[in-house]
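Here the structure is laid out as structure tokens; the discussion comes afterwards.
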Amino acid sequence: MKSKSAAMAIMGICTFYFLVPIWWLFVGASKSRSDFSNTAPLWFAHFNLGQNLSELFHYRDGVFLRWMLNSILYTGGAALIGTLLAAMCGYALAKYRFPGRETIFNIVLGGVLVPATALALPLFLIFSQLNATNTFWSVFLPSLVNPFGVYLARIYATASVPDELLEAARLDGSGEVRTFFTVSSKLMFPALVTIFLFHFVAVWNNFLLPLIMLGNERLFPVTLGLYSWNTQVNQLPELRMLVLTGALVSIVPLVVAFLFLQRFWRSGLGSGAVK
Amino acid sequence: MKMKAIIGLALTSTLALTACSSGGDDDTTATAGAGAASCAPSSGPVTLSFTSWIPGIEDVVKVWNAKNPNIQVKVQTGPNGNGGTYQNFFNQLKAGNAPDLGQIEYDALPSFRVQDGLTNLAGCKPVSDAKDQFIDWTWNQVSFGEKDAVYGVPQDSGPMALFYRKDLFEKAGIPVPTTWEEYAADAVKVKAAGGYITNFSQSDINQFAGLAWQAGGHWFSNDGSKWTVNFQDEATTKVANYWQDLITKKLVSAVPPWTTEWDSAYNKGQAWTWVSAVWGANSISSGAPDTSGKWAVAPMPQWTAGGKTAGNWGGSSTAVFKGSKHPYEASQFAIWLNTSEEALTLLNEKANLYPATKTGGSLAALSKGVDFYGGQKIYDIFAQAATEVTPDFTWGPTMTSTYATASDGFKAAVSGSGTLGDALKKAQTSTIDNLKSQSIPVAE
């Protein structure tokens with residue numbers, strides 16, 4: 001009983017710790033500019049969120065909405081395709097025997113250790129050679145690969161896709177690709193959700209790559225756009241409220257993605273525990 | 001079998017990628033040449049790229065594009081210079097795809113010069129013709145005092161003056177200070193009245209630079225072959241001791257600048273003055289909206305009674321990067337952007353830029369009384385200050401790291417460990433080390 005309440009207390013403190021910044025952001029975004037610098041930061045003053053939102057969405061022909069859309073395209077698209085690639089790669093590494101398998105896997109594992117930040121500049125130089133900087137693809141293509149996802153997919157495929165099942169599928173005349181999509185990927189689904197979420201967050205947070213690649217404001221993801229505004233606050237102080245409100249709006253897709261996908265996540269972890 | 005094919009495909013695409021990365025050396029050295037590059041008009045229509053973080057710059061460029069169908073300018077944007085755009089410029093120079101034109105603040109211009117990233121525009125007729133339109137000291141900022149050298153077109157400037165709470169000064173019966181001596185004496189009275197005379201900028205070194213600039217400090221000089229670094233000349237030491245004294249006596253507050261607490265200190269009347277640049281007018285009006293009508297502007301306090309010198313805080317230039325194929329057209333655009341009345345008016349309206357030209361101070365938008373300042377024609381004070389800025393202040397090529405060291409020292413001084421003088425001493429040694437580590441020759 002005691003240990004349970006202790007655990008609850010720790011959980012409570014952690015929850016509080018993680019939620020306070022979001023609370024601050026929400027309260028901050030709901031204030032007018034003068035209230036923001038004059039009233040207590042953790043409680044509401046005059047509720048001005050609607051006004052702030054409308055200002056944000058109309059500022060410079062609604063460029064903020066464009067940034068949100070870009071972010072969703074970059075991250076959603078990259079995470080979807082990246083998850084598929086990672087799943088196929090991990091699955092192949094787990095279920096097929098071929099020369100060089102371990103070498104490839106080790107190289108991929110090595111890739112996990114290289115931070116995305118370190119790759120941004122080399123990628124910029126490569127894309128410069130192709131005259132492809134400052135394009136949608138210069139951010140989208142490098143975001144597709146995710147070595148950690150390959151690693152997870154391999155581990156999970158080894159554990160959750162029985163060889164006998166694949167054997168049976170082969171005997172029934174199913175091709176390898178079809179087996180992967182109709183049988184194996186279903187078994188790996190919880191892992192795929194995890195990979196998707198990880199990938200989604202990684203691309204969403206990969207700030208340096210768009211910073212280095214992009215000069216066209218219409219291509220910015222929301223992180224870069226808000227950052228740009230924030231660096232101009234000294235010059236145009238009215239941007240501060242837009243940055244705050246924008247930050248609040250920009251976390252909505254992440255929250256939605258997590259709330260929506262954690263259902264699959266939990267069921268996957270659960271089913272693993274029963275086995 | 002199919003598996004093999006897929007892996008084969010994967011392998012070839014990796015190979016293709018690596019091939020791209022190592023393929024083809026760049027050929028950016030085409031237009032490199034010592035001294036002023038030749039600058040002839042191009043034939044036929046030209047497209048220029050221009051990177052700037054000025055809010056609303058596209059609208060200004062649109063006006064140019066509508067009038068100049070043969071010289072179309074494409075705008076690229078991003079965070080401010082130190083927020084990443086300068087680093088991007090350096091990357092792009094390395095990759096050979098730098099834009100034709102870029103916005104560079106005065107204090108960053110030398111670092112691009114040292115890296116040989118700029119086109120010398122001295123040979124471009126539009127630039128040499130326009131020289132006389134610019135206030136002399138702004139021209140020095142882009143020529144570094146070198147002969148036959150112009151590494152950018154001055155865009156805006158930040159002449160400094162004294163913003164003060166007229167109502168509070170009147171109520172307390174304190175005269176508005178005209179010298180630094182009076183300012184220090186007023187600081188005591190203001191403290192007694194329950195406020196602080198000002199907030200000392202502990203982390204934004206640029207304000208201190210502006211104060212030292214006014215006093216006649218010379219932090220850097222370049223004799224053509226070697227840089228001299230001196231953060232401890234007489235004038236700078238005088239300014240440092242002056243503010244150290246106010247800090248020690250707790251007569252100034254030290255809220256980190258550009259934060260909401262800082263805004264709030266002004267909004268609640270805790271800080272009574274701010275020695276700042278012309279763009280500060282907007283910082284106050286938007287950061288301290290409740291104090292509307294209560295502020296006024298006076299010339300910067302002087303070191304000698306009756307003196308007439310001002311400092312400068314901020315300002316940027318429009319530079320043409322090395323490798324631009326159309327320096328003539330680029331300089332045409334840069335001159336239009338920074339001298340024509342329509343462009344200057346728009347830049348002022350969109351981003352509060354204060355022109356660097358001699359006539360810029362008389363723009364219609366800058367001749368009106370400003371309600372926030374009780375209807376005072378505050379820009380007249382700044383127009384006067386702009387002509388009084390000490391002309392020969394030079395920035396060094398490693399300002400980013402110099403600022404970082406100095407700001408660490410300033411923060412320490414504010415919290416009571418060390419002094420501003422110590423911070424400057426540290427900035428001196430670290431700057432020299434930094435120059436040496438970049439193989440930039442330093443005189444010692």
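Order of the sequence lines fixes the chain letters, A, B, ..., with proteins taken first and strands second; residue numbering starts at 1 for each chain. Note that the structure is a prediction, hence the values are computed from the model and not measured.
Looking only at heavy-atom pairs under 4.5 Å with chain A, the residue among B/G314, B/P55, B/G84 that has the most is B/P55. Options B/S264, B/A265, B/S283 differ in how many heavy-atom pairs under 4.5 Å they form with chain A, and the most are formed by B/S264. Taking chain A as the reference chain and counting heavy-atom pairs below 4.5 Å, the highest number among B/N88, B/N82, B/D59 is found for B/N88. When each of B/S49, B/G83, B/A351 is checked for heavy-atom pairs under 4.5 Å with chain A, B/G83 comes out on top. Heavy-atom pairs under 4.5 Å with chain A peak, among B/N91, B/I54, B/T85, at B/N91. Note: A/S128 leads A/C89, A/S128, A/P41 in heavy-atom pairs under 4.5 Å with chain B.
Contact of B/T77 with chain A is made through backbone and side chain together, with heavy-atom distances under 4.5 Å. With a threshold of 4.5 angstrom between heavy atoms, A/N131 does not approach chain B through any atom at all. Looking at A/L121, only its side chain comes within 4.5 Å of chain B, counting heavy atoms on both sides. Contacts between B/E261 and chain A at a heavy-atom distance below 4.5 Å are absent for every atom of the residue.
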Stepwise side-chain contact (heavy atoms from CB on, under 4.5 Å) check, B/N80 with A/Y227: CA-CA 9 Å; B/N80 70 8; A/Y227 173 76; 5.7 Å; no
Worked verdict on A/F36 versus B/T260 for side-chain contact (heavy atoms from CB on, under 4.5 Å): CA-CA 8 Å; A/F36 180 72; B/T260 48; 2.9 Å; yes
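By a heavy-atom distance cut of under 4.5 Å, B/S286, B/G287, B/P289, B/D290 are the residues of residues 285-294 of chain B near chain A, going up by number.
Note that the CD atom of B/Q92 and the OG1 atom of A/T133 stand 7.0 Å from one another [nearest 0.5 Å].
The salt bridge (Lys or Arg N to Asp or Glu O under 4.0 Å) pairs that include a residue from residues 119-145 of chain A number zero, where partners must be two or more places apart or lie in different chains.
In terms of the side-chain hydrogen bond (donor to acceptor under 3.5 Å, both in side chains) criterion, residue partners of A/T39 (sequence neighbours excluded) are, by chain and number, A/K31.
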Tabulate below the donor-acceptor pairs under 3.5 Å that side-chain atoms of residues 214-223 of chain A make, not counting sequence neighbours, or state none.
from	atom 1	to	atom 2	distance (Å)
A/N216	OD1	A/R218	N	2.9
A/E217	OE1	A/R60	NH2	3.2
A/E217	OE2	A/R60	NH1	3.4

